[in-house]
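All ligand and atom numbering here is 1-based and tracks the order in the structure.
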Amino acid sequence: MPHGEPALPDDELRELTAWQQDIREQFPIITAHPEPAYLDSAATAQKPRAVLDAVQTYLTTSNANAGRGAYPWANRTTALVERTRRRVKEFLGDPDPESGRSAVHFVSGTTEGLRTVARDWLTTHLTDGDEILVPHADHRANLLPWLEAERLLAERGVGVRVRGLPYQADSGDYDHRALAGAVGPRTRFVAVTHVHHVYGGDMNVHRIRAAVGPTVPICLDAAQSVGHLPVSVAALDVDFVVFSGHKALALPGTGAVWARNDPARGPELRPGGWQGTPNTVGIASLEAALDWLDAAGTDRIGRWGTALAARLTDGLRHLPSYEILGCQASLAAGSPLQRRHGIVTFRHRDIPSDDLGFILFSHGFMVRADSLCQAGTDETDPKHGSVRVSVHAYTTVEEVDRLQSVLTTLA
Ligand code: PMP
């Protein structure tokens with residue numbers, strides 16, 4: 001559905017229900033444990049049988065090191081790694097996967113991937129007086145590496161100015177108008193998030209590109225979007241996409257940095273140091289996960305997540321005991337409201353969030369309840385805590401409705 005078009009969550013849910021029943025059956029952990037309901041998919045996603053099978057098959061037929069042997073298992077493992085690099089490019093809609101210019105580097109997850117961009121790319125070419133724009137209320141993994149790069153550069157006598165991306169107060173979206181004022185002739189880099197891990201909102205990256213102009217490199221933290229909705233590097237016009245395999249149905253310890261490597265926007269990313277043994281079994285799981293996601297349809301998965309989040313948001317926002325964080329509506333029916341993707345975070349006005357997390361578990365729901373690693377929050381301050389409900393393709397309407405009725409009785 002194009003951005004800005006009002007969605008109809010109930011119609012969406014009706015249309016997608018038959019598809020979803022078949023999808024849910026493919027997750028052994030979910031079918032084996034229908035209760036408590038797993039509503040913490042933004043923390044990590046459950047794995048479909050196809051991914052478990054790919055892991056088993058790899059370890060029982062081909063397990064060897066990659067790029068280091070001349071016998072069939074080693075050759076198959078090397079081929080797997082190279083095939084999966086290519087698969088990641090295709091999955092992300094790389095317009096020119098064969099060009100040899102763009103590259104995919106395997107990392108252990110988004111945290112390591114963003115650090116790789118910061119240490120092995122950003123610090124290599126900035127000069128005294130350059131400016132970078134970074135988010136200060138997104139995940140800490142998308143702030144600390146840029147501050148580390150600033151420190152490393154300062155140690156070499158290169159003074160870089162770090163500016164915070166401006167946010168809109170009520171929606172949690174970036175403030176694209178104010179952003180235009182924060183961009184100057186020395187802006188050399190912008191780090192953004194695709195889907196906010198607390199607010200669930202689509203951060204409207206296309207507007208960031210419009211505000212910063214065609215040549216400033218943009219790095220996208222796609223931890224909450226890859227595997228949850230279609231992600232196209234062509235449409236987003238970003239220079240780096242970083243994601244975690246474990247949130248995209250693959251094994252933990254797997255992730256990737258896609259780099260456009262457009263010389264007009266900076267040097268090529270060359271991850272530094274000796275690259276040791278890759279996480280081959282993780283890469284096998286990632287290949288299977290991307291195949292599974294394509295077959296299931298990232299568009300349908302995205303619409304399902306949006307519709308479920310809309311249903312919960314619309315139910316909660318009429319209960320005065322709850323404060324929903326971020327945008328108060330679920331759907332992007334044009335600016336300034338954002339589309340919410342599969343994540344709803346809230347606080348109860350009287351029940352501390354960690355208590356609410358325990359109460360919800362006692363009623364049969366696994367949710368996240370803390371400060372959610374958000375930059376700028378104090379983890380020891382209970383006021384910064386919140387409860388996050390996050391869904392994936394295996395989550396049912398019934399689970400969301402059951403949660404809604406428990407939350408209503410606690411209101
Ligand atoms: N960025 C965002 C938006 C996230 O949600 C997360 C995970 N919560 C991360 C970065 C870090 O991902 P990982 O822990 O897999 O490295």
Among residues two or more places apart or on two chains, list those pairs meeting side-chain hydrogen bond (donor to acceptor under 3.5 Å, both in side chains) that have a residue in residues 50-65. Tyr58-Thr77, Tyr58-Thr280, Ser62-Arg76, Asn65-Thr277
Could you check whether the rings of His228 and His392 sit parallel, tilted or perpendicular, using 30° and 60° as the cut-offs? tilted
Can you list every pair that meets salt bridge (Lys or Arg N to Asp or Glu O under 4.0 Å) and has a residue in residues 270-282, with sequence neighbours left out? Glu268-Arg270
Any donor-acceptor pair under 3.5 Å from Asp175 side chain to Pro166 backbone: no
Listing request: all side-chain hydrogen bond (donor to acceptor under 3.5 Å, both in side chains) pairs with a residue in residues 287-297, at least two apart in sequence or in separate chains. Gln26-Trp292, Arg83-Glu287, Arg87-Asp291, Arg87-Asp294
Name each N or O atom in ligand 1 that is under 3.5 Å from a protein N or O, and give the partner atom and the distance.
residue, atom, partner, partner atom, Å
ligand 1, 1 (N), Asp221, OD1, 3.2
ligand 1, 1 (N), Asp221, OD2, 2.6
ligand 1, 5 (O), Gln224, NE2, 2.8
ligand 1, 8 (N), His139, NE2, 3.2
ligand 1, 8 (N), Lys247, NZ, 2.8
ligand 1, 15 (O), Ser244, OG, 2.7
ligand 1, 15 (O), His246, NE2, 2.7
ligand 1, 16 (O), Thr110, N, 3.4
ligand 1, 16 (O), Thr111, N, 2.9
ligand 1, 16 (O), Thr111, OG1, 2.6

Where does the angle between the aromatic ring planes of Tyr199 and His196 fall among parallel (under 30°), tilted (30 to 60°) and perpendicular (over 60°)? parallel
